[in-house]
Amino acid sequence: MQHSNNNTQLLLRAQIEKPSIYLGGDALHLGTTSSSSSTIEQHHHHHHHSMKVDDNNNNHHPDNELKPVWLSNVQTLLQQPQITSILWDVEFLDRVSENDWATFLVDLRHNTGLSLEYQFDVQCLHRYNANNQHLIVSRLREILDLASAKALQLQGNVRKIVFVGMTSHSGQLLAYLPTSLMELEVYFSPESSSLPGDQQQQQQLDANEQRERRSRIENMIQQYVANLPELTCCAIKYDENAEDQLPISTYALASLLRTKQLSKIEMEGCRVESDPDDDVFHDVPPDHAVFEALCSNTSLVLLRFRSGRIGTSCAETICRALEVTNRTLQYLDLGNMEIPDSVAGAAFKAAMRNQVLRGLDLNLNSLQDFGFSSLGRLVCMDLSDNFLGDEGALQLAQLIPSSRLDRFNVAENCIGPIGGCAIAWSLQHNNTITKINMCDNPLCDVDAGDGPTSDITRTIHNSFKNTPAYRQGFLGMLCASLRQNRSLSFINLANTSIEDSHGPLLAILLRVSTIDGLGLLRNHIGDKGCVYMCQALVKYPTTLRVLLLQNNSISTQGFYALWKGVLSTNDTLVSVQFGNELVEIEGVERGQRDLDIAIRMNRAGLIRLRKNKNTTRKEWVEALIQLRDNLDCSFPFLRENPLICKC
């Protein structure tokens, strides 16, 4: 059977970073998601190299059965203690003979992985006829029943189950979930649309289908998921390449929020909504059901909605519950959910009054003017890919000094020099922020930005616009603030209109700050700017460890300036990234790879020791020991300095 590309992507996305067994129709794999992991693959030769499944010819037949060679491989793999994940697809469950299946269950029973994960690819289940579907579901139930029995006998516990390719029609599969299950991920696939008709009829049919689909999913969640007593994490996700979104009723969300012990709820690609026609079957209005459930919840820590839609009233109800009663939720994610400014304002109001909420993600929502009342106790905040502009940046800057933020992201927000200066100015009064992402804003473009547009933001602007640093623009204000700020460790200024003329300010930034990471990708920095930074790194002690310069306008001159200058004295740099374009620069052999090796040798002190004529043998040995795990560094150095071997 040929699997679709979407199904393969979902399966890869569902995999964990641990050794796993994949039991598919044609192959058996042992490996991890790491690119360097080993893979064992045993192909099985049979009469039908690619089994065809359709409504007319998909009966279980001996010619389609897997050959016994797979069984010995599985027996060997199940004995390895590092195996913590087993992946099945429906073709495998259909093609294994009865005798081999019985033997396999015995082997599976003796596997005692303490945190085993089962993943089932059921995307093609609907393409089998009734008899084969019954066989597949029966075997899947045997696997899950065995998982429950093992949990009761303390012979290992299936802590996580992943279903890939689910539809609203296959909810019966969830009926067999073990009561000891702690984590559940369900990846839904698109379902077939209505038969062709005129546009009005088609819209009505589609609406009816969506209503029925939403109802089936609601029943699935209420009957099978919300009743799992040990469940702590539940993720419902939809194919990211689908044209529609997965309909989830507000009542289904309320059912999950009422689930005891559940600490993490994720919904990706879902459209959370209520239907007035369905409300008559419930005792309370949908938003009130969500409010009551969240107010009484004492276990939920993370609530994430991504890349879908949520009703404005429902989102505001969630924020109101956080503001009024709930004191357990620590992270709220409403990224890419098409929420209006009013919901963002409600979220910040909740953060102001809620003493527990630590993380808020509102990225990709086209927000403009929702007003920052307070940042409360937020530690991390993502407002990227909105339309804050200078007005929003000025409002945010007013709250940063008194905040508890550790990191925040305002990338891609149309923030110009005035808004950038406001945020930079606020850093001199803050001692908690360690990481900032301000990329993809025209911070250094003097013609960009709209400036303050309200009396409040004009007042904020007036508080710093007459300072000497302000006349030097964003980088000048940043340098002035980082003379006092000692908490910031990384700032991303990629694609912020930085040019060669800003070289002196970049040099000051490196000299006066305590940052250990600086992102300058996709700017217009040339050789002159590179030389200025090199001089700062050579002449002054810095804390910089990582410098990112990819996709700038640096040629051989700038490259060699950093190579020869920095490596002569600086021993803090761990990585300087120029990008693959340097491989093609004439006179720079192997470009980035050679620079990485040189930096590593410098960090080990080899270059410094070579310049010292009185270096002792002990010093050489100690330096070389630091490179014992990297032959690319030690061999070239020994080859170029043969006298070291005689020390």
Side-chain angles (χ1 to χ4, degrees), residues 171 174 177 179 181-186 188 214-238 245-275 278-279 281-306 308-335 337 339 343 346-347 349-351 353-361:
L174 302 182
L177 293 174
T179 56
L181 187 65
M182 299 183 69
E183 298 182 47
L184 174 65
E185 288 188 20
V186 184
F188 281 86
R214 181 173 56 248
S215 178
R216 289 192 295 268
I217 294 175
E218 178 182 340
N219 292 333
M220 186 187 308
I221 291 174
Q222 291 178 339
Q223 292 182 28
Y224 306 131
V225 179
N227 292 322
L228 293 171
E230 302 295 330
L231 192 67
T232 59
C233 301
C234 179
I236 299 174
K237 304 182 180 183
Y238 195 50
Q245 295 168 334
L246 185 69
I248 301 289
S249 76
T250 308
Y251 292 107
L253 173 61
S255 297
L256 287 178
L257 293 174
R258 285 192 294 266
T259 304
K260 296 181 179 180
Q261 307 300 326
L262 197 59
S263 62
K264 180 179 177 181
I265 297 176
E266 293 185 73
M267 292 186 177
E268 293 186 10
C270 299
R271 186 175 67 254
V272 182
E273 60 187 2
S274 60
D275 190 326
D278 297 337
D279 295 350
F281 300 105
H282 299 82
D283 297 332
V284 296
D287 293 342
H288 188 65
V290 169
F291 181 79
E292 287 185 340
L294 193 53
C295 284
S296 61
N297 187 292
T298 59
S299 61
L300 192 65
V301 175
L302 181 147
L303 182 58
R304 170 174 287 138
F305 302 94
R306 297 290 298 180
R309 292 189 62 184
I310 185 170
T312 299
S313 60
C314 180
E316 290 178 344
T317 297
I318 292 173
C319 296
R320 185 161 53 90
L322 295 178
E323 179 186 351
V324 174
T325 305
N326 183 279
R327 291 298 180 265
T328 61
L329 193 69
Q330 296 182 21
Y331 189 89
L332 176 62
D333 185 349
L334 293 171
M337 290 296 291
I339 62 172
V343 172
K349 187 177 181 181
R353 306 219 178 150
N354 187 299
Q355 301 299 306
V356 180
L357 193 65
R358 295 292 182 267
L360 181 61
D361 192 334

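Residues satisfying the salt bridge (charged side-chain N to carboxylate O under 4.0 Å, His left out) criterion with R320, sequence neighbours excluded, are absent altogether. Looking at residues two or more places apart in sequence or on another chain, you find a salt bridge (charged side-chain N to carboxylate O under 4.0 Å, His left out) between R271 and E273. Taking N219 as the reference, S215, Q222, Q223 meet the side chain to side chain contact (heavy atoms under 4.5 Å, CB included) condition, with sequence neighbours excluded.
Across all non-hydrogen atoms, the minimal contact from I217 to P247 is CD1-O, 3.7 Å. Of all non-hydrogen atoms in E266 and K264, the two that sit nearest each other are OE2-CE, 2.8 Å. Closest of all the heavy-atom pairs between S249 and E218 is OG-OE1, 3.0 Å. Across every non-hydrogen atom of L300 and L302, the tightest pair is CD1-O, 3.5 Å. Closest approach of A350 and L322 over heavy atoms only: CB-CB, 4.0 Å. Of all heavy-atom pairs spanning C233 and L262, the tightest one is N-CD1, 3.6 Å.
In this structure, T328 contributes its side chain and V301 its backbone to no donor-acceptor pair below 3.5 Å. Judged by distance alone, the side chain of S263 and the main-chain N or O of T232 form a donor-acceptor pair under 3.5 Å. Side-chain atoms of N326 do not come within 3.5 Å of backbone N or O of A321 as any donor-acceptor pair. At least one donor-acceptor pair under 3.5 Å links the side chain of T317 to the backbone N or O of S313. Looking at D361, its side chain never comes within 3.5 Å of a backbone N or O of G335 through a donor-acceptor pair.
We find the SG-CZ distance between C295 and R327 to be 9.5 Å, quoted to the nearest 0.5 Å. Atoms CG and NZ, from N297 and K260 in turn, are 11.5 Å apart once rounded to the nearest 0.5 Å. How far OH of Y251 is from CZ of R214: 11.5 Å, rounded to the nearest 0.5 Å. A distance of 8.5 Å separates CG in L228 from SG in C234, rounded to the nearest 0.5 Å. Note that CE of M337 is 10.5 Å distant from OG1 of T312, once rounded to the nearest 0.5 Å. Separating the CD1 atom in I265 from the CG atom in D333 is a distance of 13.0 Å, to the nearest 0.5 Å.
Salt-bridge formation is not detected for the pair R306/E268: no Lys NZ or Arg NE/NH1/NH2 atom is positioned less than 4.0 Å from an Asp or Glu carboxylate oxygen.
A heavy-atom distance below 4.5 Å is found between the side chains of F305 and I318. The shortest side-chain heavy-atom distance between M267 and I310 does not fall under the 4.5 Å cut-off.
Summarising the local packing, CZ of R309 is surrounded by 12 or fewer heavy atoms from other residues, nucleotides or ligands at distances under 6.0 Å.
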>> Quick one, I236 with I221, criterion side chain to side chain contact (heavy atoms under 4.5 Å, CB included). Give me CA distance, side-chain angles, the key distance, then yes/no.
In response: CA-CA 10 Å; I236 299 174; I221 291 174; 3.7 Å; yes

> After noting the C-alpha distance and the side-chain angles of M220 and R216, does the key distance pass the side chain to side chain contact (heavy atoms under 4.5 Å, CB included) rule?
Replying inline: CA-CA 6 Å; M220 186 187 308; R216 289 192 295 268; 5.7 Å; no

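A side-chain contact (heavy atoms from CB on, under 4.5 Å) with V290 is found for one member of L256, V272, L257 and no other, namely L257.
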